[in-house]
Amino acid sequence: MIPTDTLAAERITLAHRHLTVAKDLSVQLPPAKVTAIVGPNGCGKSTLLNGLARIHAPSSGTVLLNGKDIHRLPTKEVARKLALLPQENTAPEGLTVGDLVRFGRQPHQGWMTPWSEGDQRAFDHAVTAADVGYLINRPLDTLSGGQRQRAWIAMAVAQETPLLLLDEPTSALDLGHQIEVFELIRHLSGQGKTVAMVVHDLASACRYADHMVAMKQGVIIEEGAPAQIVSPALVQELYGVSCDLIHDPATGSPLLINVRRHIQKR
Amino acid sequence: MHRYPFTMPDQRTLVANLVLLVLAGAAVMTSLSMGTVQIAPAEVIRALTGTTDDPMAAFVINELRLGRVMAGLLSGAALALAGCLMQTLARNRLATPGIIGIDNAATAFAVASVVGTGIALAPSAMALAGAATATVLAFGLAGANGTRGYRFIVAGLGIGAIAGAVTQVMLSQVAIDDANAAYPWTVGSLNARTPESVQLLALGLAVGCLALMCLSRAVNSLQFSDPVAITLGIKLKRTRLLGLGLSVLMTGLAVSVCGPVGLVALLAPELARSLCRPGKVPLTASALAGAGFMVVADLLGRTLFSPLEIPVGIITAIVGSPYLLWILLRPSTRSLT
């Protein structure tokens with residue numbers, strides 16, 4: 001897959017009703033790379049991701065998909081370019097994993113177009129990649145949190161979009177499944193997909209992302225390769241905690257150690 | 001490799017639809033043959049195909065019973081379809097037109113034209129206007145969240161109560177003859193229908209079914225949250241607006257034929273859902289179940305205490321209310337939200 005599709009935000013301001021959550025943000029997702037959006041709770045990470053995915057229309061500024069205003073493009077065309085896995089998901093009662101993943105093919109199907117060979121291939125690939133093959137006939141409401149999350153990831157993968165946005169894809173997962181999902185994300189970006197994800201765990205972000213966007217109070221305060229931008233000062237500014245920084249001997253990615261929060265006396 | 005056996009269309013749903021179709025057909029045949037004069041099914045078929053030698057049977061079937069059964073079939077299907085659609089749009093199984101006051105408002109408007117308040121519009125038009133008014137009001141009161149959440153339902157409940165009260169006030173103020181003429185409207189009956197309103201309903205239902213065929217994929221995606229539906233490329237606003245419009249159209253036209261037989265819209269989709277494969281909105285099955293249910297309820301109303309006739313709305317209420325209580329009171333309430 002040759003990365004040709006680009007997604008960028010140009011000076012977007014995002015508001016919930018009258019409350020501005022993110023102001024004047026400009027980001028460009030590096031093609032075929034993994035971008036991690038990090039920051040404290042309520043800093044506007046998810047809002048930015050939803051803005052990029054056209055779920056949340058900006059009150060000013062534009063989101064550009066291949067240089068064109070995403071809100072002016074036909075929504076189905078966008079759906080073939082960009083998939084989003086939201087943070088919280090509800091599915092119809094009794095829906096099976098197979099049927100859920102099948103919904104991911106919807107943007108590629110026309111009116112009354114039956115399931116094609118291509119659809120089946122994408123389906124099989126997504127199911128294998130997210131390792132939900134053995135769950136295919138199970139209703140979602142009978143699965144564990146981790147299994148359910150992987151089923152949703154499979155649906156997004158089945159959409160076969162060059163751009164993939166994930167909102168805390170590993171939040172419900174145990175360590176093993178977290179690693180599995182991050183490796184899947186690396187694998188997908190290796191195939192040429194552009195990925196952006198909101199991640200809470202700074203260590204995972206450092207380890208698995210090529211590019212990092214650090215946000216605080218609705219503003220991007222730092223952006224760049226994790227190894228270059230993550231520093232005790234940044235951690236202090238983002239989370240209000242002190243720490244020391246070492247590098248993982250195996251991978252070279254930054255690791256936070258001796259993390260502590262000074263309780264301020266009022 | 002995990003191959004997934006997809007069957008198109010899905011087998012379980014297909015079988016469910018066939019079973020419901022056969023049941024509805026059986027209900028129609030039974031309803032045509034039973035009444036004050038019993039007519040054998042074979043004779044019913046001869047009368048329908050115009051090959052009978054018995055002018056009496058031909059008259060009873062074609063002139064007296066057929067119109068009523070057709071009215072029941074059409075209004076049952078329309079109400080159930082409207083119910084299933086609105087439940088999906090609102091993502092709440094209680095959000096049927098009957099519960100959120102659309103039936104009551106349509107009735108109040110229709111009664112206003114029947115009791116001679118000086119509004120001379122046909123009951124069909126009035127019922128439609130009432131249904132639309134209630135929906136717009138429920139939307140307005142629910143605020144920016146639209147069909148989401150319980151606010152829509154609470155607003156609808158209030159509107160329904162007001163509309164019901166308005167109907168009662170009108171009935172208490174007019175001459176007894178007018179009140180009698182309007183009575184079937186208040187309980188739901190297939191007695192007060194006019195041929196024009198049935199024809200309009202048939203037309204509206206045909207338009208609705210065609211539109212829903214085009215919308216079915218989008219409607220299915222609305223079972224997910226808004227972000228997921230948008231991600232899948234659904235035009236959310238357009239689908240909601242069209243779906244709500246169709247729901248209002250079918251409810252209004254059905255109410256102009258049979259009055260507020262609201263519980264059909266709640267029961268039929270529920271039955272359809274339990275029969276069909278989960279995860280898809282069972283539009284076809286709901287329509288078939290609603291049609292059959294209405295015909296059976298009307299048949300029971302006509303024959304149980306014959307010659308005394310019980311309006312179909314009372315029968316559906318007797319059958320439906322315990323069911324409504326059951327969904328409200330059963331331990332798992334996750335299906336309600």
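Everything quoted here is computed from the prediction, not taken from an experiment. Letters A, B, ... mirror the listed sequences (proteins, then strands); counts begin at 1.
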Side chains of B/T231 and A/F103, heavy atoms from C-beta outward: is any pair under 4.5 Å?
no
A/T90 versus B/S225: any side-chain heavy-atom pair under 4.5 Å?
yes
By residue number, those in residues 47-55 of chain A with heavy atoms under 4.5 Å from heavy atoms of chain B are A/R54, A/I55
Go through the structure and list residues passing side-chain contact (heavy atoms from CB on, under 4.5 Å) with [X], not counting sequence neighbours.
{"X": "A/P107", "result": "A/A79, A/R80, A/Q159, B/L232"}
{"X": "A/K33", "result": "A/P30, A/D210"}
{"X": "A/T20", "result": "A/T13, A/A15, A/K23"}

Using salt bridge (Lys or Arg N to Asp or Glu O under 4.0 Å) as the criterion, point out the one residue from B/R273, B/R93, B/R91 that pairs with A/E93.
B/R93
In terms of heavy-atom pairs under 4.5 Å, which option from B/V281, B/L236, B/N220, B/I230 contacts chain A the most?
B/I230
Set out, in order, the CA-CA distance, both residues' side-chain angles and the distance that settles side-chain hydrogen bond (donor to acceptor under 3.5 Å, both in side chains) for B/S221 and A/Q106, then state yes or no.
CA-CA 9 Å; B/S221 308; A/Q106 189 158 280; 2.4 Å; yes
With a 4.0 Å cut-off, would you call A/D99 and B/R277 a salt bridge?
yes
Of the listed residues (A/T75, A/V78, A/L82), which shares the most heavy-atom pairs with chain B below a 4.5 Å separation?
A/T75
Identify the two heavy atoms, one from B/F224 and one from A/P92, that lie closest to each other, and give their separation to 0.1 Å.
CE2-CD, 3.7 Å
Region of B/I234 in contact with chain A, defined by heavy-atom distances below 4.5 Å
both
